Trainee: 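Structure below; questions to follow.
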Protein chains: 2
Amino acid sequence: MSQAEKPRKRRLLTAEVIVSKALELADEEGFDTLSMRKLAGSLGATAMSLYNHVAGKDELLDLMLERVVAEIESPVVGCHWEEMMRRRAHSMRQTLLRHRWASTLLISKIAIGEAIMRDIDATVGCLVRAGFTYAQADWARNAIDSHVYGYTMQELNFPVEPEEFKAAAAQYLPMISKTDYPFMHEAAVQIIEGKYDGITQFSFGLELILDGLKRWVVDV
Amino acid sequence: MSQAEKPRKRRLLTAEVIVSKALELADEEGFDTLSMRKLAGSLGATAMSLYNHVAGKDELLDLMLERVVAEIESPVVGCHWEEMMRRRAHSMRQTLLRHRWASTLLISKIAIGEAIMRDIDATVGCLVRAGFTYAQADWARNAIDSHVYGYTMQELNFPVEPEEFKAAAAQYLPMISKTDYPFMHEAAVQIIEGKYDGITQFSFGLELILDGLKRWVVDV
DNA sequence: ACCTGAACACCGTTCAAGT
DNA sequence: ACCTGAACACCGTTCAAGT
């Protein structure tokens, strides 16, 4: 007991604060420039002291991803499946857009953590309760996730902002050979003429998938 | 003319052979362990000599990706759009599976090269000729690509081989808490009981999308 | 128990020097 | 024109030494 009352030296470093700082740095300054040395430095410590709280960079990364996944709005089992899937997909995209470095790492993560387990369980559960078989629920979840990951990763790396689209098309038009790439040329012309905005829609592909699933579950 | 007949010293290094060797090493030994030093070494040269033929590792990477994209079976403009989209999607997946390192880099590539331009032009062209507007063609291509990228990247990183699925489910079942993850628990039970194989299907999501597009273009 | 300096085995790239 | 050794400015991580 006396030991508990003894004023302890406040620990500067914790796994928690290390992960928080790592997330902050990755979000604000980019994941590529995040090194153990730099992370430690911004916490007023040396790189080596981090190893007292975290096994290594790989584990740190896993902890960061757990936090990110926890931000996703998972379905509530028992509620209307279609709306739940739609909300989850949009929330997942927003989360991945907030942490631009996360998608690549998350999709290539081999061992899944608790946050991911919870999300998968809720998603499969919501679909099963709505009448999907387990196999169908698995396929449905996989199809939705594929779209979210694939769309968002393309979006994250697209070099032109939506507002700049028309200007970019005008700028690059001369470089798109009309003989080599006739359709891309015409597409650029149509964007310049305002016939369409050139912006692809996340919802377009998502609704295509949800529509297909809907017709399927009705048959069940 | 005499200069042309003069026996020249055979150049050991060319951008072409460097890229070929890099592809070979990345495919066989993994992209993570591919370094300029190692690549040069396997060509009987030093790292620095590579810089006489390739601007740097970034350019080398772009050249590698161009080769990969060239392997994709692009649509033939004028042919049946649905079958062309299906073939392209499957070919794209197979190509990405052949070069396990490529997806992540390809999807995060900012400046697009000639091979990608050709593929996009053919894809959009095929759809436009079939009656899609340019906007619709763009959305359709984006939805298909999202599925291919998203599905294949999940597939590439999935830790269990299809054949081992049943065994893996049996092995991990005790670790999936029935109270915390009731639906994942039941899913594992069903896999063990052979009620479904646990394998997600690339075609499932793809056909969902193609089906949706089909109904759409009929309305046009 | 926690922190750290020095060291190890790597990177990509620059630069000046070779032929 | 092509190649290269040495060097620079970085990595993640180990290990023994501090307190």
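Side chains are part of it too, since the values below use all heavy atoms of this structure and drop only hydrogens, waters and symmetry mates. Letters A, B, ... are given to chains in the order of the sequence lines, protein chains preceding strands, and every chain is numbered from 1. Since we're looking at a predicted model, the values are computed, not measured.
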Trainee: Identify, residue by residue, the members of residues 36-48 of chain A with a heavy atom below 4.0 Å from DNA chain C, and return them in order of residue number, or none.
Mentor: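 A:Arg37, A:Ala45, A:Thr46, A:Met48, in order of number.
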Trainee: Does B:Ser49 make a side-chain N or O approach to OP1 or OP2 of D:dC2 shorter than 4.0 Å?
Mentor: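 The answer is no; no side-chain N or O of B:Ser49 sits under 4.0 Å from OP1 or OP2.
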Trainee: Between A:Ala55 and A:Thr33, name the one whose nearest nucleotide on DNA chain D is closer to the 5' end.
Mentor: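 This one resolves to A:Thr33.
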Trainee: Please determine, for the side chain of A:Lys57, which listed nucleotide (C:dT4, D:dG12, C:dT13) has the closest atom?
Mentor: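 Within the option list, the nearest is D:dG12.
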Trainee: Can you measure B:Phe31 atom CZ to C:dC11 atom C1' for me and round it to whole angstrom units?
Mentor: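 B:Phe31 atom CZ is separated from C:dC11 atom C1' by 13 Å.
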Trainee: Separation of A:Asp58 atom CG from D:dC11 atom P, in whole Å?
Mentor: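 Spelled out: CG on A:Asp58 to P on D:dC11 is 17 Å.
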Trainee: At under 4.0 Å, does any side-chain N or O of B:His53 touch on OP1 or OP2 of D:dC3?
Mentor: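 For D:dC3, OP1/OP2 do have a side-chain N/O of B:His53 under 4.0 Å.
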Trainee: Give the rounded distance in Å between these two atoms: CD of B:Glu59 and P of C:dG12.
Mentor: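 My rounded result for the distance is 15 Å.
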Trainee: Please tabulate, one pair per line, all N/O donor-acceptor pairs under 3.5 Å involving side-chain atoms of residues 153-163 of chain A, not counting sequence neighbours.
Mentor:
{"from": "A:Gln154", "atom 1": "OE1", "to": "B:Ser146", "atom 2": "N", "distance (Å)": "3.4"}
{"from": "A:Gln154", "atom 1": "OE1", "to": "B:Ser146", "atom 2": "OG", "distance (Å)": "3.1"}
{"from": "A:Glu155", "atom 1": "OE1", "to": "A:Arg93", "atom 2": "NE", "distance (Å)": "2.9"}
{"from": "A:Glu155", "atom 1": "OE2", "to": "A:Arg93", "atom 2": "NH2", "distance (Å)": "2.7"}
{"from": "A:Asn157", "atom 1": "ND2", "to": "A:Met153", "atom 2": "O", "distance (Å)": "2.7"}
{"from": "A:Asn157", "atom 1": "ND2", "to": "B:Ile107", "atom 2": "O", "distance (Å)": "3.4"}

Trainee: Go ahead and name the base partner of D:dA6; Watson-Crick or wobble counts if both distances stay under 3.5 Å, otherwise write none.
Mentor: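 Across all strands, the one nucleotide that pairs with D:dA6 is C:dT14.
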Trainee: On the 0 to 90° scale, with breaks at 30° and 60°, tag the A:His99-A:Trp101 ring pair as parallel, tilted or perpendicular.
Mentor: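 Perpendicular: the ring planes of A:His99 and A:Trp101 meet at over 60°.
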Trainee: Can you confirm whether or not the ring centre of B:His185 sits under 6.0 Å from the ring centre of B:Tyr181?
Mentor: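 Centroid separation for B:His185 and B:Tyr181: 6.0 Å or greater.
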Trainee: Report yes if some heavy atom in the side chain of B:Asp119 is under 4.5 Å from a heavy atom in the side chain of B:Arg88; otherwise report no.
Mentor: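 Yes - at least one pair of side-chain heavy atoms lies under 4.5 Å apart.
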Trainee: Please examine the side chains of A:Gln136 and A:Leu127, heavy atoms only from C-beta on, and report whether any two atoms are closer than 4.5 Å.
Mentor: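 Sidechains of A:Gln136 and A:Leu127: no contact.
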Trainee: Can you check the A:Asp32 CG to D:dG12 C1' distance for me, whole Å?
Mentor: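 Rounding to the nearest Å, CG of A:Asp32 and C1' of D:dG12 are 16 Å apart.
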Trainee: What integer distance in Å separates A:Leu50:CG from D:dT13:P?
Mentor: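 Computing the A:Leu50:CG to D:dT13:P distance gives 10 Å.
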Trainee: Would you call B:Asp121 and B:Val77 a side-chain contact if the rule is heavy atoms closer than 4.5 Å?
Mentor: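 No, too far: nothing below the 4.5 Å cut-off.
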